[in-house]
A.B. asks: 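Would you mind keeping the following structure in view while I ask a few things?
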Amino acid sequence: MNKAGRSYSDGGQCGANYPNRTWLSVIVLLAILTGPCEVSAGKFWNLPPLPKPHEYGDILIDRLSTKNEVKPVFFSHWSHRAKYTCRVCHWELDFAFKAGGTEMTEADNRNGLFCGKCHDGKLVFGHTEDKCQLCHTGSKVSNREKFAELRDNLPKDKFGNGINWASAIRSGRVKPLYSIFKPEEKPWEFRKRLELKAEWNFVPPAYFPHGSHVQWLDCGSCHPEIFKIKKKTTEHFLMKYILDEKFCGVCHLRVAFPMDNCKRCHPAIKE
Ligand code: HEC
Ligand code: HEC
Ligand code: HEC
Ligand code: HEC
Ligand code: HEC
Ligand code: HEC
């Protein structure tokens, strides 16, 4: 219960230089939540910079490439997630939720693992001499026009890709594949919505809807590694850890809508 030890970023016109961090935190939080000051809530946290909508979720993989004198590998989430759920790649094909975190080699790919499960020259381009540079681009090269076309047809959101992916899948406007091995497999009917109350009663609770998540993910994507399965047993469920890529921050910093969107998790928060 070391509340004094929580470090909020000191930035912002409301905070000024209070020597005591506990009070600084309280004042900053009150300012955020009661809103006498015009600064938007997001400015008090060290939120990572937001890429442009067509680049949100784009990554470069360079665990082995540079070392082996090829350019790093480009991967775009929006172009893939419109066709495949997270579950296909991050559960069935075993990709890590971290760029460079998967132990994958070119040989694995050519043997039909990882990217090679789909990039086999049949379903989509494969690992032949004329195609190397489509993956080994060395930079993020998401296709703006293709993105604009996709986004135009999908429900909008303020942050991230600017697409409300939860609503897109719910309404059937995207129909990403749930399983690449068992086409008949369907998401579990598990819709429990959890209220995650803050320890401080002036912070409006965050909500976690299982229903919107299990369409994209497997129970095993989150339990037990990211969250214990019993409510209120995950310790240190605090924004500072979330912003450190733990808990909700595993996905909601770089691929699922970003943390800037306070209201989507804390519907009653004042922005
Ligand atoms: C579908 C995407 C894709 C294509 C096409 C592709 N690669 Fe790769 N390649 C990867 C990925 C992913 C890695 C792992 C990257 C990393 O960790 O840096 C990789 C790694 C490599 C490595 C690093 C060393 C090793 O053994 O893993 C070399 C060299 C390489 N590729 C060469 C090639 C060549 C040559 C071609 C064309 C014949 C090619 N790649 C085509 C995705 C691709
Ligand atoms: C077609 C495959 C594919 C799909 C679908 C996919 N991902 Fe990924 N994702 C990857 C790969 C590949 C990486 C990089 C892994 C590596 O480098 O080891 C990655 C990395 C990530 C990362 C880390 C990003 C970073 O900057 O470090 C997050 C978070 C993530 N994915 C979340 C998701 C979520 C959430 C979904 C579903 C909405 C999703 N992914 C769908 C393949 C996919
Ligand atoms: C589950 C299947 C699947 C996996 C796994 C997969 N891809 Fe793809 N990828 C596709 C399909 C299908 C397309 C064609 C998308 C379209 O219709 O435009 C594609 C397109 C691409 C493109 C073309 C540009 C774009 O983004 O549309 C690149 C580059 C690419 N993939 C890289 C990768 C890399 C690198 C990996 C592994 C780290 C990977 N893909 C894993 C299915 C997959
Ligand atoms: C992806 C969901 C999500 C988003 C987006 C989000 N939060 Fe949270 N937040 C949580 C969860 C989960 C908790 C822990 C449970 C609780 O305190 O309600 C939390 C806790 C908090 C707390 C309690 C104190 C603390 O240190 O954890 C504050 C204050 C807070 N959030 C403010 C914000 C603000 C301001 C934003 C927008 C910049 C934001 N949150 C965006 C999920 C989110
Ligand atoms: C995106 C992450 C995520 C996915 C996917 C997910 N859960 Fe959860 N689950 C959570 C979180 C967060 C909690 C709350 C943990 C806490 O409070 O410590 C939770 C709690 C639970 C609880 C306890 C609920 C309670 O009221 O005590 C059960 C049971 C549960 N999950 C089952 C499942 C099942 C079954 C699936 C798959 C159908 C699933 N979860 C998928 C994140 C997830
Ligand atoms: C493993 C990845 C992952 C984790 C961990 C995760 N989410 Fe999500 N979440 C998603 C994806 C994917 C979506 C679909 C929307 C999108 O991609 O922007 C989503 C959507 C949501 C939505 C919107 C639901 C709707 O129907 O509009 C809320 C709210 C949300 N998440 C809250 C949370 C909270 C709170 C936590 C932590 C307790 C959390 N999420 C943890 C991946 C994740």
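Fair warning: this is a prediction, and the values are worked out from it, not measured in the lab. What's counted below: heavy atoms across the whole structure, side chains too, no hydrogens, waters or symmetry copies. As the structure lists them, so they are numbered: ligands from 1, and atoms in each ligand from 1.
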A.B. asks: Can you tell me which portion of Met239 lies within the under-4.0 Å heavy-atom range of ligand 4? Options are side chain, backbone, both, or neither.
C.D. replies: both
A.B. asks: Quick check: Ser79 and ligand 3, any N/O pair under 3.5 Å apart?
C.D. replies: yes
A.B. asks: Has ligand 4 got any nitrogen or oxygen that is less than 3.5 angstrom from a nitrogen or oxygen of Lys240?
C.D. replies: no
A.B. asks: Heavy atoms only: which of Ala82, Gly57, Cys89 lies closest to atom 4 (C) of ligand 2?
C.D. replies: Cys89
A.B. asks: For atom 28 (C) of ligand 3, which of the options Phe125, Phe75, Phe147 provides the nearest non-hydrogen atom?
C.D. replies: Phe125
A.B. asks: Does any part of the side chain of Phe97, heavy atoms only, come nearer than 4.5 Å to the side chain of Val255, both counted from C-beta?
C.D. replies: no
A.B. asks: With heavy-atom distances below 4.0 Å as the criterion, list the atoms of ligand 3 near Lys83.
C.D. replies: 15 (C), 16 (C), 17 (O)
A.B. asks: Of all the atoms in ligand 2, which lie at a distance below 4.0 Å from a heavy atom belonging to Tyr84?
C.D. replies: 5 (C)
A.B. asks: Number the atoms of ligand 2 from 1 as they appear, then name those within less than 4.0 Å of a heavy atom of Arg81, with their elements.
C.D. replies: 38 (C)
A.B. asks: With heavy-atom distances below 4.0 Å as the criterion, list the atoms of ligand 2 near Val250.
C.D. replies: 29 (C)
A.B. asks: Say whether, by atom type as modelled, one donor and one acceptor occur between the side chain of His266 and the main chain of Pro204 under 3.5 angstrom.
C.D. replies: yes
A.B. asks: Taking both backbone and side-chain atoms of Val203, is any N or O found less than 3.5 Å from an N or O belonging to ligand 4?
C.D. replies: no
A.B. asks: Say whether Arg170 and Asn164, considering side chains only, have a donor N or O and an acceptor N or O under 3.5 Å apart.
C.D. replies: no
A.B. asks: How far is atom 26 (O) of ligand 2 from its nearest protein heavy atom, and which residue and atom is that?
C.D. replies: Arg254 CD, 2.9 Å
A.B. asks: Heavy atoms only: which of Cys86, Cys115, Ala99 lies closest to atom 34 (C) of ligand 2?
C.D. replies: Cys86
A.B. asks: Where the closest heavy atom to atom 18 (O) of ligand 2 is concerned, which of Leu177, Leu93, Thr102 has it?
C.D. replies: Thr102
A.B. asks: Could you verify whether a donor N or O on one side chain and an acceptor N or O on the other, from Ser221 and Asp218, lie under 3.5 Å apart?
C.D. replies: no
A.B. asks: Would one find an N or O of Leu196, backbone or side chain, under 3.5 Å from an N or O of ligand 4?
C.D. replies: yes
A.B. asks: How about Asn68 and Glu106: do any of their side-chain heavy atoms sit closer than 4.5 Å?
C.D. replies: no
A.B. asks: Please find out if atom 8 (Fe) of ligand 4 and some N, O or S atom of Cys265 are separated by less than 2.8 Å.
C.D. replies: no
A.B. asks: Which of these, Gln133, Lys117, His119, has its nearest heavy atom closest to atom 21 (C) of ligand 3?
C.D. replies: His119
A.B. asks: Which residue and non-hydrogen atom of the protein lie closest to atom 13 (C) of ligand 3, and at what distance in Å?
C.D. replies: Val124 CG2, 3.6 Å
A.B. asks: Any protein heavy atom lying closer than 4.0 Å to atom 24 (C) of ligand 3?
C.D. replies: no
A.B. asks: Is there a side-chain contact between Arg193 and Arg191 in this structure, where contact means two heavy atoms from C-beta onward sitting under 4.5 Å apart?
C.D. replies: no
A.B. asks: What do you reckon, are the aromatic ring centroids of Tyr56 and His54 less than 6.0 Å apart?
C.D. replies: no
A.B. asks: Donor-acceptor check, side chain of Asp108 to backbone of Leu113, threshold 3.5 angstrom: yes or no?
C.D. replies: no
A.B. asks: Any atom of ligand 4 sitting under 4.0 Å from a heavy atom of Met259?
C.D. replies: yes
A.B. asks: What atoms of ligand 3 come closer than 4.0 angstrom to any heavy atom of Val73?
C.D. replies: 35 (C)
A.B. asks: Would you find a donor on one side and an acceptor on the other, under 3.5 Å apart, between the side chain of Asp244 and the backbone of Lys240?
C.D. replies: no
A.B. asks: Report yes if the side chains of Arg151 and Pro53 come closer than 4.5 Å at any heavy-atom pair, otherwise no.
C.D. replies: yes
A.B. asks: Answer side chain, backbone, both or neither: which part of Ile242 comes under 4.0 Å from ligand 4, heavy atoms only.
C.D. replies: side chain
A.B. asks: So for ligand 2, is Trp216 a polar contact partner (N or O within less than 3.5 Å, distance only)?
C.D. replies: no
A.B. asks: Taking 4.0 angstrom as the limit and counting only heavy atoms of Cys118, give me the atoms of ligand 3 inside it, by number and element.
C.D. replies: 1 (C), 2 (C), 3 (C), 4 (C), 5 (C), 42 (C), 43 (C)
A.B. asks: Report, in ascending order of atom number, the atoms of ligand 2 lying under 4.0 Å from any heavy atom of Ile61.
C.D. replies: 17 (O)
A.B. asks: Need the ligand 3 atom indices (1-based, order shown) with element for anything under 4.0 Å from a heavy-atom of Leu134.
C.D. replies: 29 (C)
A.B. asks: Any idea how Phe114 and Phe95 line up, ring-wise: parallel (<30°), tilted (30 to 60°), or perpendicular (>60°)?
C.D. replies: tilted
A.B. asks: Please compare His80, His90, Met104, Glu245 and report which has the shortest non-hydrogen distance to atom 19 (C) of ligand 2.
C.D. replies: His90
A.B. asks: Within the structure, does Gly100 bring an N/O atom to less than 3.5 angstrom of an N/O atom in ligand 2?
C.D. replies: yes
A.B. asks: Closer than 4.0 angstrom: is that true for some heavy atom of Val88 and an atom of ligand 2?
C.D. replies: no
A.B. asks: Quick check: closest heavy atoms across Gly138 and Leu60, and the distance to 0.1 Å?
C.D. replies: O-CD1, 3.9 Å
A.B. asks: Take every heavy atom of Arg264, measure it against each atom of ligand 4, and state whether any distance is under 4.0 Å.
C.D. replies: no
A.B. asks: Considering only non-hydrogen protein atoms, determine which one is nearest to atom 22 (C) of ligand 2 and report residue, atom name and distance to 0.1 Å.
C.D. replies: Phe97 C, 3.7 Å
A.B. asks: Identify, for atom 27 (O) of ligand 3, the protein heavy atom at the shortest distance, and state residue, atom and that distance.
C.D. replies: Lys146 NZ, 3.0 Å
A.B. asks: With atoms numbered from 1 as shown, which atoms in ligand 4 lie under 4.0 angstrom from a non-hydrogen atom of Ala206?
C.D. replies: 10 (C), 11 (C), 12 (C), 18 (O), 42 (C)
